[in-house]
Amino acid sequence: MSETYEHAPTETIDVGGTRFAYRQLGPDTGVPVIFLNHLAAVLDNWDPRVIDGIAATRRVIVFDNRGIGASEGSTPDSVEAMARDAIAFIRALGFDEVDLLGFSLGGMVSQVIAQAEPQLVRKLVLAGTGPAGGEGMDKVTRITILDMVRGALTFKDPKTYLFFTRTPTGKTAAREFLQRLKERREDRDKAISPISFRRQLKAIHTWATQQPSDLSSIQQPVFVANGDQDRMVPSSNSADLARRLPNARLKLYPDAGHGGVFQYHREFVPAVLEFLES
């Protein structure tokens, strides 16, 4: 396998008659870490510093769920259906035990996977995410659309506003993060389609407005991480997750927003590796 995410080849696998696109790197041994991505994200939206850092000692697999990027099929409009597709993908690869690293929407999907198939999941990392019915999460659509317009008007990537604070530190972190996303120049993924984007927004809105679930059934160790000023999924939801999960630890990074784990990748990566290996 490739030594860096920049050069990791894009592969596909048949999942119940649908081709799913994925990339993998790191040692071909041990419990793999499956990465689950955020709203509107494809394979190229993962921070290569996070991927490469964790793949230094762990097998890392990132994938486009159904209908996203280069994966075939129609994108579901519920978190639960996305979780079923992710489970099917993991099973198609032949794994019976994995660690999950879910960011934002991917963290919501990860919670459902752990509840639906507890024997499949060894440990979870939940970053920039929240529980069903979480505080302020029903505003994700509004915030996202407004910052997409703001980005268009200012000729900036919307993640500049959605993922980072507007302090000097946050602005610098945004520029550096967006530059890292451009490092891969060949075999880049397809952008998300407008239909898939709308279905993801619907799934998040339903998740945000439904009744809170009983998280006590997730007995696995969980590392919850976020910036302390997340506008998309308010940081209070990370604290709420850590309180309600029976075996969780929490880290909030200062002067950081939704993309805090990317801004603080130098601290986040070793913390994840220590957590997974403990």
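Not measured: the values here are computed from a predicted model.
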Does one side chain, of [X] or [Y], offer a donor that lies under 3.5 Å from an acceptor on the other?
X      : Y      : value
Tyr161 : Thr154 : yes
Gln229 : Thr165 : no
Thr10  : Asp187 : yes
Glu72  : Thr12  : no
Asp52  : Thr4   : no
Ser238 : Asn226 : yes
Gln220 : Arg122 : no
Arg66  : Thr18  : yes

- Message: Asp77 and side-chain hydrogen bond (donor to acceptor under 3.5 Å, both in side chains): which single residue from Gln200, Lys202, Arg199 fits?
- Response: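 Only one option passes, and that is Lys202.
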- Message: My understanding is that only one of Lys182, Lys190, Arg23 makes a side-chain hydrogen bond (donor to acceptor under 3.5 Å, both in side chains) with Asp44; could you say which?
- Response: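 Testing each of Lys182, Lys190, Arg23 against Asp44, the sole residue satisfying side-chain hydrogen bond (donor to acceptor under 3.5 Å, both in side chains) is Arg23.
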- Determine the sole option in Phe177, Phe164, Tyr253 for which the ring-ring contact (aromatic ring centres under 6.0 Å, His included) test with Tyr264 is passed.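 It is Tyr253; the other options fail the test.
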- May I ask you to decide whether Glu117 forms a salt bridge with Arg91, counting only side-chain N to carboxylate O separations under 4.0 Å?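 Yes, Glu117 and Arg91 are salt-bridged.
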How far does [atom1] of [X] sit from [atom2] of [Y], to the nearest 0.5 angstrom?
X      : Y      : atom1 : atom2 : value
Phe89  : Asp64  : CZ    : CG    : 9.5 Å
Ile143 : Ile145 : CD1   : CD1   : 11.5 Å
Arg188 : Arg185 : CZ    : CZ    : 9.0 Å

- Item | Near-ring test Trp46/Tyr5, centroid separation under 6.0 angstrom |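 Between Trp46 and Tyr5, which both carry aromatic rings, the centre distance is not below 6.0 Å.
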- Does the gap between the ring centers of Phe103 and His258 come in under 6.0 Å?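 Centroid distance Phe103-His258: below 6.0 Å, so yes.
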Do [X] and [Y] have side-chain heavy atoms sitting under 4.5 Å apart?
X      : Y      : answer
Thr160 : Asp157 : yes
Leu241 : Leu215 : yes
Asn45  : Leu181 : yes
Val125 : Val222 : no
Pro270 : Glu274 : no
Phe35  : Ile51  : yes
Leu252 : Leu250 : yes

So does [Y] get a backbone contact from the side chain of [X], meaning a donor-acceptor N/O pair under 3.5 Å?
X      : Y      : answer
Asp189 : Val42  : no
Arg19  : Val15  : no
Asp230 : Gly227 : no
Glu277 : Val272 : no
Arg58  : Val31  : yes
Ser196 : Gly67  : yes

- Task: Mark yes or no: Lys123 above the aromatic ring of Phe275, with NZ or CZ under 6.0 Å from the six-membered ring centre and no more than 45 degrees from the axis.
- Result: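 So Lys123 does make the cation-pi contact.
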- Query: Quick one: hydrophobic cluster around Val149, which other residues, with the 4.5 Å side-chain cut-off, linked directly or via members?
  - Reply: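 Reading the cluster by chain and number, Val149 sits alongside Leu153.
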- Between Phe163 and His38, what is the ring plane arrangement, given parallel below 30°, perpendicular above 60°, and tilted in between?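 Rings of Phe163 and His38: perpendicular, over 60°.
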